[in-house]
Amino acid sequence: MMTDIIHITVEDQSGGIRQLEIPDGINLSLMEVLKASDYDILATCGGMALCATCRIQVVEGMDALEPQSDAELDMLDTLPDADDQSRLACQIRLDPALDGLKIRVF
């Protein structure tokens with residue numbers, strides 16, 4: 001069932017959990033929404049997949065995400081602690097398919 005609101009559960013650096021409700025169709029990346037929601041994300045490169053400072057861990061819902069680009073994979077390869085659940089928030093476009101996504105920010 002498609003909804004007009006995308007619900008994303010976010011766990012912050014201190015273990016606090018908050019559910020974000022994002023209107024469908026705002027055409028933003030997950031990084032932009034996290035920054036607007038006052039999460040402490042550097043996003044130094046402004047969303048170009050060049051710095052990896054917006055790395056998140058996908059706790060639930062990885063199968064709803066678009067496949068990683070080569071640029072995103074290359075950036076994640078530079079991080080010593082990145083794993084199969086790691087993604088760059090700047091490379092995730094918000095979409096109703098992401099409803100129910102659970103992530104952890106670093």
Side-chain angles (χ1 to χ4, degrees):
M1 182 178 114
M2 287 299 172
T3 171
D4 294 329
I5 301 289
I6 303 165
H7 301 88
I8 297 180
T9 304
V10 182
E11 181 181 336
D12 65 25
Q13 293 93 331
S14 59
I17 293 181
R18 200 163 104 201
Q19 182 156 38
L20 303 181
E21 294 187 349
I22 304 131
D24 179 24
I26 58 172
N27 197 27
L28 294 175
S29 70
L30 182 56
M31 174 205 77
E32 291 165 314
V33 167
L34 291 171
K35 284 178 73 76
S37 301
D38 297 324
Y39 283 97
D40 189 20
I41 290 182
L42 289 175
T44 311
C45 74
M48 305 298 292
L50 297 173
C51 70
T53 57
C54 68
R55 178 173 70 103
I56 58 162
Q57 181 178 35
V58 178
V59 177
E60 221 172 274
M62 183 65 100
D63 52 350
L65 300 177
E66 292 289 318
Q68 293 161 301
S69 67
D70 289 343
E72 181 178 2
L73 288 167
D74 289 347
M75 239 11 275
L76 289 169
D77 275 349
T78 68
L79 301 173
D81 55 348
D83 60 23
D84 290 348
Q85 303 303 112
S86 297
R87 292 294 303 258
L88 298 181
C90 69
Q91 298 302 297
I92 298 173
R93 301 306 298 179
L94 289 172
D95 179 280
L98 300 185
D99 190 47
L101 183 70
K102 293 184 180 171
I103 64 166
R104 185 173 296 124
V105 295
F106 291 93

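Residue Leu79 belongs to a hydrophobic cluster whose other members are Met75, Leu76, Leu88, with links defined by side-chain heavy atoms closer than 4.5 Å.
The line from CG of Leu20 to OG1 of Thr9 is 8.0 Å long, rounded to the nearest 0.5 Å. The distance from atom CD of Glu11 to atom OH of Tyr39, rounded to the nearest 0.5 Å, is 9.5 Å. Atom CD1 of Ile6 and atom CG of Asp24 lie 5.0 Å apart (nearest 0.5 Å). Put simply, CG on Leu30 and NZ on Lys35 are 12.5 Å apart, with the number rounded to the nearest 0.5 Å. To the nearest 0.5 Å, atoms CG (Asp99) and NE2 (His7) are separated by 6.0 Å. The CD1 atom of Ile41 lies 4.0 Å from the CG atom of Leu34; values are rounded to the nearest 0.5 Å.
Applying the salt bridge (charged side-chain N to carboxylate O under 4.0 Å, His left out) test to residues at least two apart or on different chains, none of the pairs has a partner in residues 41-50.
Proximity of Ile92 to Ile103: side-chain heavy atoms (C-beta onward) are nowhere separated by under 4.5 Å. Ile22 has its side chain out of reach of Leu28: every pair of non-hydrogen atoms, C-beta onward, lies at least 4.5 Å apart. Side-chain contact between Ile8 and Val33 is absent, with no heavy-atom pair separated by less than 4.5 Å.
The number of heavy-atom neighbours closer than 6.0 Å to CG of Asp83, taken from other residues, nucleotides and ligands shown, is above 12. At most 12 non-hydrogen atoms from other residues, nucleotides or ligands lie less than 6.0 angstrom from CG of Asp40.
Applying the side chain to side chain donor-acceptor pair (under 3.5 Å) criterion to Asn27, with sequence neighbours excluded, gives Arg93. For Ser69, the side chain to side chain contact (heavy atoms under 4.5 Å, CB included) partners two or more places apart in sequence, or in a different chain, are Ala71, Glu72, Gln91. Residues satisfying the side chain to side chain contact (heavy atoms under 4.5 Å, CB included) test with Asp74, not counting sequence neighbours, are none.
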Ignoring hydrogens and angles, write down the donor-acceptor pairs under 3.5 Å from the side chains of residues 48-66, residues two or more places apart or on other chains.
unit_1 : atom_1 : unit_2 : atom_2 : d
Thr53  : OG1    : Ala43  : N      : 2.9
Thr53  : OG1    : Thr44  : N      : 3.0
Thr53  : OG1    : Thr44  : OG1    : 3.4
Arg55  : NH1    : Ser86  : OG     : 3.2
Arg55  : NH2    : Asp81  : OD1    : 3.2
Arg55  : NH2    : Asp81  : OD2    : 3.0
Gln57  : OE1    : Arg104 : NH1    : 2.4

